[in-house]
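Report on the structure given below.
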Amino acid sequence: MASGELSTRRIDEENLPVGHVVTASGRVSGVHQVGTVNPDLSPFATDELIQLDESLIEATRRTGIRFNVLVGDLGSDTAAGADAALAGTPEAEYSVLIAVSPNQHAIEVRSGRGVAHLVDDRIAQLGITAATGSFRDGDLIDGLVAAVRVMSAAITGPSA
């Protein structure tokens, strides 16, 4: 998940715009023509999404752990919402999820059982701390990129 909203509603695939599909994880993935702006699909600019995507790819390659980001409402219990969201990510057992609920001013980090020994509370707190400054400035993408980079660097250490 690069971005999206946690949702339990059923998606009517027949009414999706041309170029859109529902992925195996339940996320809607879509494309549009190069050079056209489609503000209905994302609150983020294309260059911001590319920056986030590149940081996720780099972190996953560097650590061997799948990094995922969720931006959306986590519910009244953000911790439980993040737990449920992690379970829905691809390769959840070997994944890290950085979940942000902007309206609730909440950030949650979760790791799957297979990587919990590498992504412990200290690593999660480093990611949250790295994101917080940018979030305060209203820059969600920079905060997410910082969290991903700091966490992957802490997981692999200085020799990687």
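Positions are given from 1 along the sequence. Given the structure is predicted, the values throughout are model-derived calculations rather than measurements.
A pairwise comparison of heavy atoms in P90 and N68 identifies CD-OD1, 4.2 Å as the closest pair. The two residues A147 and A131 make their nearest non-hydrogen contact at CB-CB, 4.0 Å. The shortest heavy-atom contact between V119 and S111 is O-OG, 3.1 Å. When all heavy atoms of S152 and R149 are compared, the closest pair comes out as OG-O, 3.2 Å. Summarising the geometry of V145 relative to S55, their closest heavy-atom pair is CG2-OG, 3.8 Å, with the distance given to 0.1 Å. Smallest separation of non-hydrogen atoms from A59 and V148: CB-CG1, 3.5 Å.
For D77, the CG atom sits in a packed shell: over 12 heavy atoms of surrounding residues, nucleotides or ligands are nearer than 6.0 Å.
E48 has its side chain out of reach of L140: every pair of non-hydrogen atoms, C-beta onward, lies at least 4.5 Å apart. With contacts defined as side-chain heavy-atom distances shorter than 4.5 Å, the pair I65/T60 does not qualify. You'll find the side chain of V96 stays beyond 4.5 Å of the side chain of R110, heavy atoms only. Considering only heavy atoms from C-beta on, L118 stays 4.5 Å or farther from I123 through its side chain.
Using modelled atom types, one side-chain atom of D73 and one backbone atom of G75 make a donor-acceptor pair closer than 3.5 Å. For T78 (side chain) and L74 (main-chain N/O), no donor-acceptor pair under 3.5 Å exists by modelled atom type.
To the nearest 0.5 Å, the span separating CG on D139 from OG on S134 amounts to 5.5 Å. Taking CZ from F67 and CE from M151, the interatomic distance works out to 5.0 Å, rounded to the nearest 0.5 Å. The CD atom of E54 sits 7.0 Å away from the CD1 atom of I50 when rounded to the nearest 0.5 Å. For the atom pair CD of E108 and CG of L97, the computed distance is 9.5 Å after rounding to the nearest 0.5 Å. With rounding to the nearest 0.5 Å, the separation of CG in L70 from CD1 in I98 is 11.0 Å. The line from CG of L52 to CG of D142 is 10.5 Å long, rounded to the nearest 0.5 Å.
Under the 4.5 Å side-chain heavy-atom criterion for ILVMFWY residues, a single connected hydrophobic cluster contains both L49 and F135.
A donor-acceptor pair shorter than 3.5 Å can be found between the side chains of R62 and T156.
Applying side-chain contact (heavy atoms from CB on, under 4.5 Å) to Q51 and the options I141, T46, L56 leaves one that passes, I141.
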**OP:** For the pair R66 and V115, evaluate side-chain contact (heavy atoms from CB on, under 4.5 Å) and give the outcome as yes or no after the intermediate values.
**Re:** CA-CA 10 Å; R66 185 178 189 128; V115 296; over 6 Å; no
